[in-house]
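First comes the structure, then the notes that go with it.
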Amino acid sequence: MSDESTDEAVERFLDRAAAALDDYDQGYADADATLATLRTHVDELAASAEGDGDGA
């Protein structure tokens with residue numbers, strides 16, 4: 001993710017988070033699976049943001 005801008009990382013996170021929540025709302029995933037998915041996406045976003053902070 002080193003070539004990715006923070007804006008792109010945030011946009012990807014929001015898309016993936018919305019998809020995870022939609023799956024939960026539709027009954028395709030339970031709460032534990034949804035939280036695990038969201039945690040993974042939060043971790044990915046944090047790693048991307050930490051990488052972008054060094055180049056400014």
Side-chain angles (χ1 to χ4, degrees):
M1 284 190 233
S2 60
D3 294 338
E4 182 177 45
S5 74
T6 300
D7 289 344
E8 291 168 336
V10 169
E11 185 175 335
R12 189 180 73 246
F13 167 79
L14 292 173
D15 290 343
R16 290 180 177 181
L21 293 171
D22 286 344
D23 285 350
Y24 175 77
D25 289 341
Q26 294 175 16
Y28 298 136
D30 65 15
D32 290 336
T34 302
L35 285 174
T37 299
L38 290 173
R39 281 195 175 124
T40 297
H41 298 321
V42 167
D43 291 344
E44 290 171 354
L45 179 60
S48 178
E50 288 172 3
D52 284 346
D54 294 336

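The first residue in the sequence is number 1, and the count goes up from there.
- Take A17 and apply the side-chain contact (heavy atoms from CB on, under 4.5 Å) test, not counting sequence neighbours, and it matches F13, L38.
- Partners of Y24 under the side-chain contact (heavy atoms from CB on, under 4.5 Å) rule, at least two apart in sequence or in another chain, are A31, T34.
- Residues satisfying the side-chain contact (heavy atoms from CB on, under 4.5 Å) test with D30, not counting sequence neighbours, are D32, A33.
- Checked against side-chain contact (heavy atoms from CB on, under 4.5 Å), V10 has the following partners two or more places apart in sequence or in another chain: T6, L14, L45.
- Within the 4.5 Å cutoff, no side-chain heavy atoms of E8 are placed close to those of E11.
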